[in-house]
Amino acid sequence: KNVQKIWALKMFERAFVNDIEGKYRKHWLVYSLLEMYFQLQDLEYTGSKIAFKWLQGNDEKIYFMFKRSLESESLVDLLTLLFQITQKEKKYYFMRHAEALEGEKDELRPVSLLGKKKLKKTKEELGCENFDLVITSSATRTKQTAHIIFSGQSIKEKEAKNLYLPTSIELQFLIMKDLRLKENLIPNDIVNSKSRNTWFIYAMEALIEIMKINFEYNSKKTIIIGHGVVINLIGYLMDQSRDDLLKKSFDPGEGFWVQ
């Protein structure tokens, strides 16, 4: 079953390239995910007509994600559908890194003394959750946050580079520009602006990397320590019924569960 999930994610990555082959892979993937859903649930698949009727009565959430994926040209709905089908039994906790010191090089800014002090309570709350895996960005403050919370525990740690910034230099510039222009940015500011596509590409790249890591480690309960705004968008991409994530920003050290 894991082989099927990895294949589906690779198909999505190819669909992410906006050319004729990418568009073909998009439609191929939507077609394949319907049968895959039933296979992963150990249910008999007897064709699309019966399958959609069964989904409408038994898993309305997935039914509507298929409907939206088929009607939309955007890959956002397809990635949500892919995640919902391949990550159904997994739990994710997203956390914004602890408060950090100011510095010229943002990626290297360390956690402040106040941030470390506030993490003591977080350590008590999350330390007993029995996470299998912690994923951080490449930023020093996310790694230090993880080390403080899970000190003395044996937990796998992996870095997701796209969790800090997108791969494209041009997109990195646009993201940083938005963050400089408005303090206390919330996701709805992004969704309703010209920057929407830029931020969703950023979030989609990060989610793809998170899913790859999860397939590699087969984690049932994962904590992701990242940055404001983008963790909300990734959480929303995982489950689009969570529109509450678009309406607020989390303070350093705060977080939320998905699934």
Looking only at side-chain N and O atoms, does [Y] offer a donor or acceptor that is under 3.5 Å from a partner on [X]?
X: Gln240; Y: Asp77; value: yes
X: His97; Y: Gln144; value: no
X: Asn214; Y: Thr222; value: yes
X: Lys123; Y: Ser151; value: yes
X: His227; Y: Ser137; value: yes
X: Gln172; Y: Tyr202; value: no
X: Tyr63; Y: Asn58; value: no
X: Glu107; Y: Ser138; value: yes

Could you tell me the separation between the [atom1] atom of [X] and the [atom2] atom of [Y], rounded to the nearest 0.5 Å?
X: Ile135; Y: Tyr93; atom1: CD1; atom2: OH; result: 15.5 Å
X: Phe200; Y: Ser74; atom1: CZ; atom2: OG; result: 8.0 Å
X: Leu29; Y: Leu34; atom1: CG; atom2: CG; result: 11.5 Å
X: Ile208; Y: Phe16; atom1: CD1; atom2: CZ; result: 5.0 Å
X: Arg68; Y: Leu81; atom1: CZ; atom2: CG; result: 11.0 Å
X: Leu108; Y: Thr140; atom1: CG; atom2: OG1; result: 5.0 Å

Taking Asp251 for its side chain and Glu254 for its backbone only, find out whether a donor-acceptor pair lies under 3.5 Å.
-> no

Checking Arg109 side chain against Gly103 main chain: does a donor-acceptor pair fall under 3.5 Å?
->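 Here the side-chain-to-backbone pair does not exist.
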
Any non-hydrogen side-chain atom of [X] less than 4.5 Å from a side-chain atom of [Y]?
X: Ile175; Y: Pro166; result: yes
X: Tyr164; Y: Thr142; result: no
X: Phe94; Y: Met238; result: yes
X: Met11; Y: Arg25; result: yes
X: Asp59; Y: Gln84; result: no
X: Asp132; Y: Lys156; result: no
X: Lys91; Y: Lys220; result: no
X: Asn18; Y: Lys23; result: yes

Between Glu71 and Lys67, does a salt bridge (Lys or Arg N to Asp or Glu O under 4.0 Å) hold up when you go through it step by step?
-> CA-CA 6 Å; Glu71 292 173 348; Lys67 191 173 186 295; 2.9 Å; yes

Which heavy atom of [X] sits nearest a heavy atom of [Y], and at what distance?
X: Ala203; Y: Ile234; result: O-CG1, 3.8 Å
X: Ser195; Y: Ile190; result: O-CG2, 4.1 Å
X: Ile225; Y: Leu163; result: O-CD2, 3.8 Å
X: Val258; Y: Gly235; result: CG2-CA, 4.0 Å
X: Thr136; Y: Ala146; result: CG2-CB, 3.9 Å
X: Leu33; Y: Ala8; result: CD2-CB, 4.4 Å

Given Met95 and Thr122, is the side chain to side chain contact (heavy atoms under 4.5 Å, CB included) satisfied, shown in steps?
-> CA-CA 10 Å; Met95 177 182 171; Thr122 308; 3.8 Å; yes

Would you say [Y] ends up clustered with [X] if hydrophobic residues are merged whenever their side chains have heavy atoms under 4.5 Å apart, either directly or through other cluster members?
X: Met176; Y: Trp199; answer: yes
X: Val30; Y: Met204; answer: yes
X: Phe150; Y: Ile224; answer: no
X: Ile186; Y: Leu179; answer: no
X: Leu79; Y: Ile6; answer: yes

With salt bridge (Lys or Arg N to Asp or Glu O under 4.0 Å) as the test, would you mind laying out the steps for Asp106 and Arg141 before giving the verdict?
-> CA-CA 9 Å; Asp106 181 76; Arg141 55 193 181 275; 3.0 Å; yes

Carefully, step by step, assess Glu125 and Lys120 under the rule salt bridge (Lys or Arg N to Asp or Glu O under 4.0 Å).
-> CA-CA 9 Å; Glu125 293 172 349; Lys120 288 182 180 179; over 6 Å; no

CA sep, side-chain torsions, deciding dist, call: Gln41, Tyr37, side chain to side chain contact (heavy atoms under 4.5 Å, CB included) = CA-CA 6 Å; Gln41 303 302 313; Tyr37 171 90; 4.1 Å; yes

Quick check: are there more than 12 heavy atoms from other residues, nucleotides or ligands sitting under 6.0 Å from CZ of Phe52?
->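 Yes, CZ of Phe52 has more than 12 neighbouring heavy atoms, counting only those of other groups under 6.0 Å.
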
Might you confirm whether atom NZ of Lys5 has over 12 heavy atoms from other residues, nucleotides or ligands at distances under 6.0 Å?
-> yes

Centre-to-centre under 6.0 Å for [X] and [Y], is that the case here?
X: Trp54; Y: Phe66; answer: no
X: Phe83; Y: Tyr92; answer: yes
X: Tyr31; Y: Trp28; answer: no

Less than 4.0 Å between a side-chain N and a carboxylate O, is that true for [Y] and [X]?
X: Glu205; Y: Lys161; answer: no
X: Glu99; Y: Lys118; answer: yes
X: Lys221; Y: Glu129; answer: yes
X: Asp189; Y: Lys247; answer: no

Can a cation-pi geometry be assigned to Lys248 and Phe250, taking NZ or CZ under 6.0 Å from the six-membered ring centre and within 45° of the ring axis?
->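 Relative to the ring axis of Phe250, which defines the angle, Lys248 lies inside both limits.
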
Any chance you could lay out the salt bridge (Lys or Arg N to Asp or Glu O under 4.0 Å) test for Asp239 and Arg242, step after step, and finish with the verdict?
-> CA-CA 6 Å; Asp239 183 355; Arg242 293 291 307 277; 5.8 Å; no

List the steps, then state whether side chain to side chain contact (heavy atoms under 4.5 Å, CB included) holds for Asn218 with Lys90.
-> CA-CA 9 Å; Asn218 196 27; Lys90 300 181 184 295; 3.3 Å; yes

Side chain to side chain contact (heavy atoms under 4.5 Å, CB included) between Thr86 and Gln4, intermediate numbers included = CA-CA 9 Å; Thr86 61; Gln4 287 178 293; over 6 Å; no

